[in-house]
Peer 1: 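This is the structure I have questions about; it appears just below.
Please read these numbers as outputs of a predicted model, since none were measured by experiment. Just so you know, residue 1 is the first one in the sequence shown, and it goes up from there.
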Amino acid sequence: MPRRSEALDRATPEAIAVAALRILDEEGPQGLSFRTLADRLDVSHATVQRRCTDLAGLLDLCTEHLAGRLPEIPAGTDWAQATEQRFRAFYLLLTAHPGLLVLRGGRPWLGRQLLARLVEPALADSVAAGMTVTEAITAYRRMYLLTLGSAAFVDHRDPATVTSASRAALAALDPGEFPVLCGGLPDVLPVLTDHEVYYGALRQLIEAVRPAT
C-alpha cells in the first residue's frame, strides 16, 4: 500500500476527474464507484472519499474539469458569433461524456469554472449588447436547456447503435396507425443523430433573442 502522501499525490482533483470520466466513457454510469475509481488510481477507497466526500462531489469534480476546457472568446467578437461558439463548445463537451449527463440528472451545473467560462461571460456580453439582466439570463437559460436536452437524449458517440435501436422500434409499429413514422423511416432515422438538429436550433434561438442594434 502506498504511503498516504504518495496516494494523495496520485489522487489530485484533476487525476480523480480524469479517471472518473474515463470509467464513465468506457463502462457507462453503472461502472463508476469510489472503489473502481480507487482501483484505477491505485489508492485506497478512503483516499478518494476524502477528496470528494460523495458521488455529488465526484461529479462536481468531473464537470469542473470539463468546464476548464471551454474556450475564452476574444473581446469584441460579434455577440451572435460568440454565443454560438460558447454553446457549441459546451454541447461538444457534453456529448463526449453521456455517462456524466446520466448521473448528474437534473442537478444544476454551478461550479466556479462553468460560471467563469460560460455563464458570466455570456451574460456580460448580452448586457453589453443591450439586453437587461433579466433578458440576458432568460436568453442564456433557453440556450442552456436546449444544449443539455440535445446532448442528454442521444448517445452521439455511438450513432449506429442509436439508429439500429430506433429502426427496430419504429419497424414494429402498425403502418396504419403510424403512417408517417413507418413510411418515412429512411428520412426519420438520420435526423435522430444529426448534430445539425442542435446547431440549427441554437442558431434560430440566437437570432430570435439577438439584441437590437
Peer 1: So which heavy atom on Ala129 is nearest to which on Pro211, and how close?
Peer 2: O-CB, 3.3 Å
Peer 1: Nearest heavy-atom pair of Cys52 and Leu61: which atoms, and what distance?
Peer 2: CB-CD1, 3.9 Å
Peer 1: Same cluster or not: are Tyr140 and Leu110 linked, directly or through other Ile, Leu, Val, Met, Phe, Trp or Tyr residues, by side-chain heavy atoms under 4.5 angstrom apart?
Peer 2: yes
Peer 1: Before giving the answer on side-chain hydrogen bond (donor to acceptor under 3.5 Å, both in side chains), spell out for Tyr91 and Ser150 the whole-Å C-alpha distance, their side-chain angles and the decisive distance to 0.1 Å.
Peer 2: CA-CA 8 Å; Tyr91 172 79; Ser150 297; over 6 Å; no
Peer 1: Is there side-chain contact between Leu21 and Leu66, with heavy atoms separated by less than 4.5 Å?
Peer 2: yes
Peer 1: Which residues satisfy the side-chain contact (heavy atoms from CB on, under 4.5 Å) test with Gln204, sequence neighbours excluded?
Peer 2: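 Here no residue qualifies.
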Peer 1: Would you say Glu120's side chain and Leu115's backbone share a donor-acceptor pair under 3.5 angstrom?
Peer 2: no
Peer 1: Charged N to carboxylate O under 4.0 angstrom, Arg112 versus Asp60?
Peer 2: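 Salt bridge absent between Arg112 and Asp60.
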Peer 1: Between Glu84 and Arg203, does at least one N-O distance fall below 4.0 Å, as a salt bridge requires?
Peer 2: yes
Peer 1: Do any N or O atoms from the side chain of Thr95 and from the backbone of Leu92 form a donor-acceptor pair under 3.5 angstrom?
Peer 2: yes
Peer 1: Could you state whether Tyr198 and Leu192 fall into the same hydrophobic cluster, counting links through intermediate Ile, Leu, Val, Met, Phe, Trp or Tyr residues with side-chain heavy atoms under 4.5 angstrom apart?
Peer 2: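 Each belongs to a different hydrophobic cluster.
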Peer 1: Apply side-chain contact (heavy atoms from CB on, under 4.5 Å) to the pair Asp155 and Thr161, showing each step before the final yes or no.
Peer 2: CA-CA 9 Å; Asp155 184 351; Thr161 297; over 6 Å; no
Peer 1: Does the side chain of Val127 come within less than 4.5 Å of Val133's, by heavy atoms?
Peer 2: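 A side-chain contact exists here, since the closest heavy-atom pair is under 4.5 Å.
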Peer 1: Say whether Leu202 and Val119 are linked into one hydrophobic cluster, either directly or through other cluster members, by side-chain heavy-atom distances under 4.5 angstrom.
Peer 2: yes
Peer 1: Return the minimal non-hydrogen interatomic distance between Asp187 and Val191, and the atom names on each side.
Peer 2: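 Minimum heavy-atom separation between Asp187 and Val191: O-CG2, 3.5 Å.
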Peer 1: Looking at CG of Asp174 and CG of Leu181, how far apart are the two atoms once the value is rounded to the nearest 0.5 Å?
Peer 2: 12.0 Å
Peer 1: Within a reach of under 6.0 Å around CZ of Arg107, are more than 12 heavy atoms found that belong to other residues, nucleotides or ligands?
Peer 2: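 Result for CZ/Arg107: enclosed.
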Peer 1: Between atom CG of Leu24 and atom OG1 of Thr36, what is the distance when rounded to the nearest 0.5 Å?
Peer 2: 9.0 Å
Peer 1: I would like to know whether Leu114 and Thr63 meet side-chain contact (heavy atoms from CB on, under 4.5 Å); could you show each step before the answer?
Peer 2: CA-CA 8 Å; Leu114 188 71; Thr63 55; over 6 Å; no
Peer 1: If every non-hydrogen atom of Asp25 is compared with every non-hydrogen atom of Ala96, which pair is closest and at what distance?
Peer 2: OD1-O, 3.7 Å
Peer 1: Are Met143 and Val209 close enough that some pair of their side-chain heavy atoms sits under 4.5 Å apart?
Peer 2: yes
Peer 1: Any donor and acceptor pair, going by atom type alone, linking the side chain of Ser166 with main-chain N or O of Thr163 inside 3.5 Å?
Peer 2: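 Not a single qualifying donor-acceptor pair exists.
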Peer 1: Looking only at heavy atoms, which two atoms of Ala151 and Leu94 are closest? And how far apart?
Peer 2: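 Closest approach of Ala151 to Leu94: CB-CB, 3.6 Å.
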Peer 1: To the closest 0.5 Å, what do you measure between OG (Ser44) and CZ (Arg35)?
Peer 2: 9.5 Å
Peer 1: Quick check: do Arg86 and Asp125 have side-chain heavy atoms less than 4.5 Å from each other?
Peer 2: yes
Peer 1: Okay, side chain of Glu135, backbone of Thr132: is any donor-acceptor separation there less than 3.5 Å?
Peer 2: yes
Peer 1: Would you call Leu148 and Trp109 a side-chain contact if the rule is heavy atoms closer than 4.5 Å?
Peer 2: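 Yes, side chains in contact.
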Peer 1: With side chains defined as the heavy atoms from C-beta onward, is the minimum distance between Leu58 and Leu32 less than 4.5 Å?
Peer 2: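 Sidechains of Leu32 and Leu58: in contact.
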Peer 1: Side-chain heavy atoms under 4.5 Å apart, restricted to Ile/Leu/Val/Met/Phe/Trp/Tyr: what other residues fall into the cluster of Val18, or is it alone?
Peer 2: none
Peer 1: Rounded to the nearest 0.5 Å, how far does CG of Leu103 lie from NE2 of His97?
Peer 2: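 Separation between the atoms: 13.5 Å.
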Peer 1: Can you tell if the side chain of Arg88 reaches within under 4.5 Å of the side chain of Thr147, non-hydrogen atoms only?
Peer 2: no
Peer 1: When you measure from the side chain of Arg117 to the backbone N and O of Leu70, does any donor-acceptor pair fall under 3.5 Å?
Peer 2: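 Side chain of Arg117 to backbone of Leu70, a donor-acceptor pair under 3.5 Å: yes, one is there.
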Peer 1: Minimum heavy-atom separation for Arg210 to Trp79, with atom names?
Peer 2: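 Heavy atoms of Arg210 and Trp79 come nearest at CA-CZ3, 3.6 Å.
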Peer 1: Would you indicate whether the side-chain heavy atoms of Arg157 and Pro98 approach each other to under 4.5 Å?
Peer 2: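 SC-SC contact between Pro98 and Arg157 confirmed.
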Peer 1: Check for a donor-acceptor pair, side chain of Ser164 on one end and backbone N or O of Ala160 on the other, with a separation under 3.5 Å.
Peer 2: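 Here the side-chain-to-backbone pair does not exist.
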Peer 1: Determine whether Leu118 and Tyr199 fall in the same hydrophobic cluster, where Ile, Leu, Val, Met, Phe, Trp and Tyr are linked whenever their side-chain heavy atoms lie under 4.5 Å apart.
Peer 2: yes
Peer 1: With under 30° as parallel and over 60° as perpendicular, where do the rings of Phe87 and Phe90 fit, or are they tilted in between?
Peer 2: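 Perpendicular: the ring planes of Phe87 and Phe90 meet at over 60°.
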Peer 1: What salt bridge (Lys or Arg N to Asp or Glu O under 4.0 Å) pairs are there with at least one residue in residues 136-146, not counting sequence neighbours?
Peer 2: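 Pairs touching residues 136-146 that pass the test: none.
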Peer 1: Under the 3.5 angstrom rule, does the side chain of Thr47 hit a backbone N or O of Val43 as a donor-acceptor pair?
Peer 2: no
Peer 1: Just by distance, do the side chain of Arg51 and the backbone of Ala11 share a donor-acceptor pair under 3.5 Å?
Peer 2: yes
Peer 1: Can you tell me how far apart CE (Met131) and CG (Leu123) are? Round to the nearest 0.5 Å.
Peer 2: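 If I round to the nearest 0.5 Å, the distance is 10.0 Å.
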Peer 1: Do Gln113 side-chain atoms and His65 backbone N/O form a donor-acceptor pair below 3.5 Å?
Peer 2: no
Peer 1: Would you say Val188 ends up clustered with Val197 if hydrophobic residues are merged whenever their side chains have heavy atoms under 4.5 Å apart, either directly or through other cluster members?
Peer 2: no
Peer 1: Hey, could you give me the CD1/OG1 distance between Ile73 and Thr83, rounded to the nearest 0.5 Å?
Peer 2: 9.0 Å
